[in-house]
Trainee: 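Could you have a look at this structure, given as structure tokens, before my questions?
Side chains included, hydrogens not; waters and symmetry mates left out as well; all remaining heavy atoms used.
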Amino acid sequence: MRAHRYSVDPADLEEFLARRASLIGTVRETHPGLTATLLVRLDDGTYTDTWHWSGERELNAALAAIATFPEAPLAMALTSDATANNGLVVDQR
């Protein structure tokens, strides 16, 4: 999985959600290993955006191709203080 954390100005949220949806659609068309995404607004107003992949190989292939997704910089342009971490799901119930 890949987890992002960032802020989005409330005035930009609707546009961000539209751009994020477009990005997710494009990624899924070219990298079907993306199995689920989850965007959560935290109590402090920041967001966590978790993208689940069918495997590490699929995640790495999509990351290697990130420059081919024009929607990525358009969506991320509406965020600030962005961080990202990759991880392996150990337990899910």
Side-chain angles (χ1 to χ4, degrees):
M1 59 150 274
R2 183 163 176 91
H4 305 88
R5 185 176 180 127
Y6 45 73
S7 297
V8 177
D9 186 311
D12 293 331
L13 184 59
E14 284 188 46
E15 180 64 23
F16 171 74
L17 293 173
R19 292 180 187 189
R20 178 180 176 272
S22 178
L23 173 60
I24 290 168
T26 297
V27 171
R28 283 190 169 140
E29 285 176 12
T30 57
H31 293 84
L34 179 60
T35 60
T37 64
L38 178 67
L39 181 66
V40 176
R41 187 180 67 228
L42 302 174
D43 289 340
D44 66 0
T46 63
Y47 292 84
T48 59
D49 193 357
T50 308
W51 293 40
H52 295 263
W53 295 85
S54 58
E56 187 176 11
R57 182 177 301 155
E58 291 80 4
L59 166 61
N60 289 335
L63 288 176
I66 194 73
T68 67
F69 305 130
E71 297 89 348
L74 293 175
M76 295 310 291
L78 297 176
T79 70
S80 60
D81 304 318
T83 62
N85 293 292
N86 297 338
L88 178 65
V89 176
V90 176
D91 184 40
Q92 181 174 344
R93 298 170 198 242

Trainee: Do Tyr6 and Leu38 belong together in a cluster built from hydrophobic side chains that touch within less than 4.5 Å?
Mentor: no
Trainee: Taking the six-membered ring for Trp, are the ring centroids of Phe16 and Tyr47 within less than 6.0 Å of each other?
Mentor: no
Trainee: Out of curiosity, Leu78 CG to Glu15 CD, how far, rounded to the nearest 0.5 Å?
Mentor: 6.5 Å
Trainee: Out of curiosity, Leu63 CG to His31 NE2, how far, rounded to the nearest 0.5 Å?
Mentor: 9.0 Å
Trainee: Heavy-atom count check: over 12 atoms from other residues, nucleotides or ligands less than 6.0 Å from Asp91 CG?
Mentor: yes
Trainee: How would you list all residue pairs meeting side-chain hydrogen bond (donor to acceptor under 3.5 Å, both in side chains) that involve residues 56-81, not counting sequence neighbours?
Mentor: Thr26-Glu71
Trainee: Give me the one residue out of Asn86, Thr50, Thr37 that meets side chain to side chain donor-acceptor pair (under 3.5 Å) with Arg2.
Mentor: Asn86
Trainee: Do the side chains of Ile66 and Trp53 join up, straight or via other hydrophobic residues, at under 4.5 Å, putting them in one cluster?
Mentor: yes
Trainee: Distance from Asp49 atom CG to Arg5 atom CZ, nearest 0.5 Å?
Mentor: 12.5 Å
Trainee: With rounding to the nearest 0.5 angstrom, report the CD1 to CG distance, Ile24 to Leu34.
Mentor: 7.0 Å
Trainee: How long is the straight-line distance from NE2 of His4 back to OG1 of Thr48, given to the nearest 0.5 Å?
Mentor: 11.0 Å
Trainee: Does Arg41 CZ have over 12 foreign heavy atoms under 6.0 Å away?
Mentor: no
Trainee: As an exercise, state the distance from OG of Ser7 to CG of Asp44, rounded to the nearest 0.5 Å.
Mentor: 7.5 Å
